[in-house]
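What's counted below: heavy atoms across the whole structure, side chains too, no hydrogens, waters or symmetry copies.
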Amino acid sequence: MLERHEIESFLAVAEELHFGRAADRLLVSRARVSQTIQKLERRVGAPLFERTSRRVQLTPLGQRLREDIAAHHQAINDGFARAVAAARGVAGVLRLGVMGSYGQLMIDVFDTFNARHPDCEVQIREIHFSDPFGPLRGGEIDIAVPWLPVNEPDLAVGPSVGSESIILAVSSRHPFAKRESVGLEELGDERVVGLPIGNAMPEYWVEAHAPRRTPSGRPIPTGPSVSTFHELLSTVATGQAISYASGHGARFYPTPNVAYVPITEDPQVTWALVWRKSDENHRIRAFAEAARDAAEAVEAALHPERSAPSAVDAG
């Protein structure tokens with residue numbers, strides 16, 4: 001049988017792919033993690049990780065072992081956390097990071113969570129698209145609400161909290177402002193605000209919301225770089241560039257100097273809960289459960305025929 005510290009050490013290294021970070025996550029020494037993995041590999045009879053001076057990666061056998069035990073380990077932790085939460089109740093403070101006014105679109109989630117856990121206070125913190133995951137990794141918030149996809153090895157992706165159209169924000173003096181919609185191919189002749197792509201703002205994540213090429217492959221010229229939505233609005237209002245925007249921007253940020261225009265292809269963006277795997281606790285799980293249940297309730301209200309019992313079920 002595997003001991004708990006062996007399982008946790010193996011999974012931590014498998015997720016971090018770095019012995020030092022795994023040790024920091026487990027609050028033990030790097031030497032102890034290394035010794036534990038070596039002992040585990042001796043018991044298995046084959047290497048679980050390939051190690052070089054530059055990187056650590058799972059062997060095929062290690063990948064298979066991770067797939068076999070990770071879900072069971074999480075299920076055990078979840079079961080214990082639920083028992084603790086049931087005994088103690090969900091209390092304390094949960095810090096939720098949202099971009100702009102998106103929190104106002106999550107009223108159903110807040111209502112569901114507050115009704116279930118009145119002793120837990122949800123504190124809303126603003127985060128910016130220029131550093132969507134930094135506040136999580138820095139311990140400033142417990143959950144973030146970015147758009148998807150999120151492909152970060154240290155972050156867990158929870159339930160979706162909504163989807164909406166991606167639209168354009170343009171100066172009210174721009175010719176697009178009088179249009180009913182604008183096609184993505186037309187953006188090859190415009191300047192779109194620049195975003196500080198880098199370690200804090202992964203390129204794949206930006207591309208999902210603000211593609212830099214038209215459907216035919218033409219590059220879209222880049223305008224001045226911005227780091228916050230208010231900088232974006234000012235840059236657009238002064239005619240320096242146009243910008244992609246989430247659909248709720250037109251609702252919560254109306255201004256006489258900026259017009260919001262639909263995109264003909266109607267691209268969509270989905271928002272979801274995200275948290276650090278190593279920080280997961282009963283408050284985070286309870287909020288994720290409330291978000292999932294609230295979404296299911298909305299779906300049932302919009303499509304009652306999908307949840308209604310069939311004649312066979314009723315009989």
Side-chain angles (χ1 to χ4, degrees), residues 4-5 7-8 11-12 15-16 21-22 24-28 70-129 131-163 200 205 270-299:
R4 178 176 177 178
H5 78 278
I7 295 173
E8 292 181 343
L11 290 177
E15 291 174 4
E16 300 288 350
R21 289 197 296 270
D24 292 341
R25 173 171 159 179
L26 298 171
L27 302 179
V28 298
H72 299 290
H73 178 257
Q74 187 61 53
I76 292 171
N77 286 340
D78 288 347
F80 183 75
R82 284 192 291 270
V84 171
R88 301 179 182 176
V90 177
V93 173
L94 181 74
R95 300 163 301 170
L96 182 73
V98 297
M99 295 184 193
S101 296
Y102 198 83
Q104 296 188 52
L105 301 182
M106 297 173 58
I107 300 300
D108 290 344
V109 179
F110 294 132
D111 286 348
T112 301
F113 182 79
N114 292 336
R116 294 176 180 178
H117 311 291
D119 294 328
C120 186
E121 177 186 356
V122 179
Q123 296 180 352
I124 298 177
R125 300 284 185 268
E126 184 178 13
I127 59 176
H128 299 291
F129 53 72
D131 189 14
F133 312 127
L136 272 180
R137 290 170 171 149
E140 300 170 38
I141 57 175
D142 303 301
I143 302 177
V145 188
W147 64 72
L148 296 180
V150 173
N151 302 320
E152 302 296 306
D154 60 326
L155 303 182
V157 179
S160 164
V161 293
S163 297
W205 187 75
T270 297
W271 303 78
L273 304 183
V274 174
W275 58 86
R276 269 184 62 95
K277 294 176 180 178
S278 58
D279 293 339
E280 187 170 319
N281 57 40
H282 61 286
R283 285 187 291 272
I284 292 174
R285 295 190 190 95
F287 194 84
E289 183 177 354
R292 188 175 295 110
D293 291 347
E296 290 177 356
V298 170
E299 180 68 15

Quiz item: From R283 CZ over to W275 CH2, what is the distance, rounded to the nearest 0.5 angstrom?
Solution: 14.0 Å
Show me the donor-acceptor pairs, under 3.5 Å and distance only, between side chains in residues 145-152 and residues at least two apart or in other chains.
from: W147; atom 1: NE1; to: W205; atom 2: O; distance (Å): 2.8
from: E152; atom 1: OE1; to: R137; atom 2: NH2; distance (Å): 2.9
from: E152; atom 1: OE2; to: Y204; atom 2: OH; distance (Å): 2.7

Quiz prompt | Minimal non-hydrogen separation, H73 against I7, with atom names | solution = CD2-CG2, 3.6 Å
Quiz item: Pick from K277, R25, R21: which one makes a side chain to side chain donor-acceptor pair (under 3.5 Å) with E15?
Solution: R25
Quiz item: Could you give the distance from CG (D131) to NE2 (H128), rounded to the nearest 0.5 Å?
Solution: 9.5 Å
Quiz prompt | Minimum heavy-atom distance G158-A272, with the two atoms named | solution = O-CB, 4.0 Å
Please table the atom pairs, donor to acceptor, closer than 3.5 Å between any side-chain atom in residues 101-113 and protein atoms at least two apart or in another chain.
from: S101; atom 1: OG; to: Y253; atom 2: OH; distance (Å): 3.2
from: T112; atom 1: OG1; to: D108; atom 2: O; distance (Å): 2.9

Practice problem: State, yes or no, whether a side-chain contact exists between L96 and I141 at a heavy-atom distance under 4.5 Å. | Solution: no
Quiz item: Are D119 and V90 side-chain neighbours, meaning at least one heavy-atom pair lies under 4.5 Å?
Solution: no
Practice problem: Taking all non-hydrogen atoms of both residues into account, name the closest pair between R292 and P159 and its distance. | Solution: NH2-CD, 3.7 Å
Self-check item: Donor-acceptor under 3.5 Å (R125 side chain, R95 main chain)
Solution: no
Quiz item: Looking only at heavy atoms, which two atoms of A144 and I127 are closest? And how far apart?
Solution: CB-CD1, 4.0 Å
Exercise. Take D293 and R116 through the side-chain contact (heavy atoms from CB on, under 4.5 Å) test and state the conclusion after the steps.
Key: CA-CA 12 Å; D293 291 347; R116 294 176 180 178; 2.6 Å; yes
Quiz item: Under a 4.5 Å cut-off applied to non-hydrogen side-chain atoms, are E121 and Q123 in contact?
Solution: yes
Quiz item: Would R276 and E280 pass as an ion pair if we require N to O under 4.0 Å?
Solution: no
Quiz prompt | Atom of L136, atom of D279 and distance for their closest heavy-atom approach | solution = O-OD2, 4.4 Å
Quiz item: When rounded to the nearest 0.5 angstrom, what is the spacing between CH2 in W271 and OG in S160?
Solution: 11.0 Å
Self-check item: Distance, nearest 0.5 Å, that separates CG of L11 from CD of E16
Solution: 11.5 Å
Self-check item: Smallest separation among heavy atoms of N281 and I284, with atom names
Solution: OD1-N, 2.9 Å
